[in-house]
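Here is the structure we will look at, set down as structure tokens.
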Amino acid sequence: MWNLARKSRIMTCLSTAHHSSLPPIFNASNLRNPSRSPRSPLSKLSPFSPYLSLSLSPSLVLPSYLTTNSTANKSTRLSAQGFLLPSSSLAIRSFCSKGSGRMGDRVIQNPDSISYLGQREAAEIDELLMGPLGFSVDQLMELAGFSVATSIAEVYKAGEYNRVLAICGPGNNGGDGLVAARHLHHFGYKPVVCYPKRTPKPLYSGLVTQIESLSIPFLSVEDLPSDLSKDFDILVDAMFGFSFHGTPRPPFDDLIQRLVSLRHYDQAHQKSPVIVSVDIPSGWHVEEGDMGGEGIKPDMLVSLTAPKLCAKKFCGPHHFLGGRFVPPSIVDKYNLRLPPYPGTAMCVRIGKPPKIDISALRENYISPELLEERVEADPIHQFRKWFDDAVAAGLKEPNAMALSTVGKQGKPSSRMVLLKGIDKDGFVWYTNYESRKARELSDNSHASLLFYWEGLNRQVRVEGSVQKVSDEESEQYFHSRPRGSQLGAIVSKQSTVVPGRHVLHQQYKELEEKFSDGSMIPKPKHWGGYRLQPELFEFWQGQQSRLHDRWFSSHL
Ligand SMILES: NC(=O)C1=CN([C@@H]2O[C@H](COP(=O)(O)OP(=O)(O)OC[C@H]3O[C@@H](n4cnc5c(N)ncnc54)[C@H](O)[C@@H]3O)[C@@H](O)[C@H]2O)[C@H](O)CC1
Ligand SMILES: [K+]
């Protein structure tokens, strides 16, 4: 039955489960990420619920993870899971343990603490890289262009900013633009390239052939629309980099003017494409910046290797660094202070992200439809299917789920936990039996689980009643965990207050010594599993213009 309601396509299906036909027990217990605790407030930035319409006035806001050696506020204390007792002030404090400015892997840099290169230094580094340091220009250009494409993809999503024009100059900056256009194509954008002064070298003709083989169109300057605002969402300025001198010669003078005139468009409140400059805003003095004040004003600058001096004058909202190839010898020789790249990223933001209007944050979900005829009759089978998709898509911690419980007072509370198994009887996770969630579950066994698989635009709600798993089951799982986690479970007295992180470390160390002979670590009594027996499922597949698909299934 299809029904348009609440702006959503709702499919309702009442099913009775045929448990006997279920595949053998699914085990999510091997999904582990030692570096990111799912309970850390940073490990899962909570997704905005697609239908979050409540205005919730928090009655309890607990600041998390405060440095335990902080002298700033001695009255704050840390609990086993990082909760802090409210101190005199309820202000939310830093999420880090040392106040270093780190947010997980993402480092917010103070732009003043970063090194900027002069024109001569930039050229010298280039020579060193391609001389004694053994790089080829092809390699560096590939990495540079790739980091431009990933920076763009991080800020301007292909769903909204699809039409890209890469304007490429005669030198290596132009080559970066050609590489970026190719990668953007693979990322789902629709690039077009304007490359008026082609360099007759095998590197460049190879890049042109690669682009042609992807059927990415080339446009001559004459073919370009005089007003670029209507046909493009992103303009990649890859005309000149750090070897630019003097004033731009034709046809780049005119091309630069077309980018400059877009500002006037913007000021007239018309929608205007964003400008992304590669390494240097073309036409700017490499060290002094936009000297006459009438040059390009890019929205994004992707500095390569290290920002050049002109980048100090960049006032756009998005400054990124790319070119993750700088060896330590260069860092030492030029005393470079550069932000570390997070994880496996090819780019890193420099400076604070712009202030965001939260109400304007939205994704237009583009996903396959959730069709009634394709949905498994048994919702547990359907869940497994989606779970497998999430694993196959390489999503981090696909087994992370928000568990919501309601205690005696009728007040709900939620937190992220990790699914450790699903079988014919339900969804299993493990925790501390003395935690708040455990207390609430003993008062009221009804709970709900919420999975959100960002990237697949999918959400699953599961509601039901919760029981403890058998002691044998908990024992079995406990001993399958890494020994560090086993010790952590003994040390961690969840939802209680401890004098400081050092106490946890001390206890952990003592236990580590005690069990250093490899003997079995006994499962603490206060630790074990829960199983939620599902009574209701809702599968949600985000769709364009908020016309989402939902499949609702009771499971009694
Ligand atoms: N080490 C790195 O960071 C890497 C950076 N890459 C990119 O390479 C450019 C620098 O490349 P280069 O070829 O030296 O210079 P340009 O691209 O800036 O341009 C040179 C090109 O432009 C002509 N030109 C100079 N001034 C003018 C002018 N006023 N009017 C017209 N034409 C002008 C000149 O004759 C040359 O033909 C760097 O910024 C990065 O983007 C590498 O890709 C990877 C390593
Ligand atoms: K440029």
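Atoms within each ligand, like the ligands themselves, are counted from 1 in listed order.
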Is [X] in contact with ligand 1, taking contact as a heavy-atom separation below 4.0 Å?
{"X": "Thr247", "value": "yes"}
{"X": "Pro248", "value": "yes"}
{"X": "Leu129", "value": "yes"}

Between [Y] and [X], is the closest basic N to carboxylate O distance under 4.0 Å?
{"X": "Lys308", "Y": "Asp279", "value": "yes"}
{"X": "Glu142", "Y": "Arg182", "value": "yes"}
{"X": "Asp254", "Y": "Arg258", "value": "yes"}

When you measure from the centre of the six-membered ring of [Y], is the NZ or CZ of [X] closer than 6.0 Å and no more than 45° off the axis?
{"X": "Arg458", "Y": "Trp453", "answer": "no"}
{"X": "Lys312", "Y": "Tyr116", "answer": "yes"}
{"X": "Arg198", "Y": "Phe218", "answer": "yes"}

- Between Phe539, Trp540, Phe451, which is the residue that forms a ring-ring contact (aromatic ring centres under 6.0 Å, His included) with Trp386?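 One option only clears the test, and that one is Phe539.
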- Query: Do you know which two heavy atoms are closest between Ser147 and Cys347, and how far apart they sit?
  - Reply: O-CB, 4.1 Å
- Query: Strictly under 3.4 Å, is any N, O or S atom of Val278 next to the K ion (ligand 2)?
  - Reply: yes
- Has Ser282 got an N, O or S atom lying less than 3.4 Å from the K ion (ligand 2)? yes
- Message: Yes or no, since that's all I need: does a protein heavy atom fall within a distance strictly under 4.0 Å of atom 27 (C) of ligand 1?
- Response: yes
- If you have a sec, read the angle at the K ion (ligand 2) from Asp237 atom OD1 over to Asn173 atom OD1, to 10 degrees. 110°
- If you have a sec, read the angle at the K ion (ligand 2) from Ile280 atom O over to Phe240 atom O, to 10 degrees.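 An angle of 80° at the metal.
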- Message: Can you confirm, on distance only, whether ligand 1 has an N/O atom lying under 3.5 Å from any N/O atom belonging to Phe242?
- Response: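 N/O-N/O distance under 3.5 Å: yes.
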- Message: Evaluate Gly241 for polar contact with ligand 1, using N/O atom pairs at a separation under 3.5 Å.
- Response: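 Indeed, backbone or side chain, Gly241 has an N or O that close.
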- Any side-chain heavy-atom pair from Ile350 and Pro307 closer than 4.5 angstrom? yes
Option whose closest heavy atom lies nearest to [atom], chosen from [options]:
{"atom": "atom 44 (C) of ligand 1", "options": "Leu140, Ile256, Thr305", "value": "Leu140"}
{"atom": "atom 19 (O) of ligand 1", "options": "Gly171, Ala306, Ser282", "value": "Gly171"}
{"atom": "atom 20 (C) of ligand 1", "options": "Gly145, Gly283, Ser243, Ala122", "value": "Ser243"}
{"atom": "atom 11 (O) of ligand 1", "options": "Asp126, Leu203, Asn172, Ile125", "value": "Asn172"}
{"atom": "atom 39 (O) of ligand 1", "options": "Leu304, Asp279, Asp253, Val302", "value": "Asp279"}
{"atom": "atom 22 (O) of ligand 1", "options": "Phe325, Phe252, Phe240", "value": "Phe240"}

- Item | Numbered atoms of ligand 1 (with element) below 4.0 Å of Asn173, judged on heavy atoms |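 Those atoms are 8 (O), 9 (C), 11 (O), 17 (O), 39 (O), 41 (O).
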- To which protein heavy atom is atom 37 (O) of ligand 1 closest, and what is the distance rounded to 0.1 Å?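 For this ligand atom, the closest protein heavy atom is Pro170 CG, 3.6 Å.
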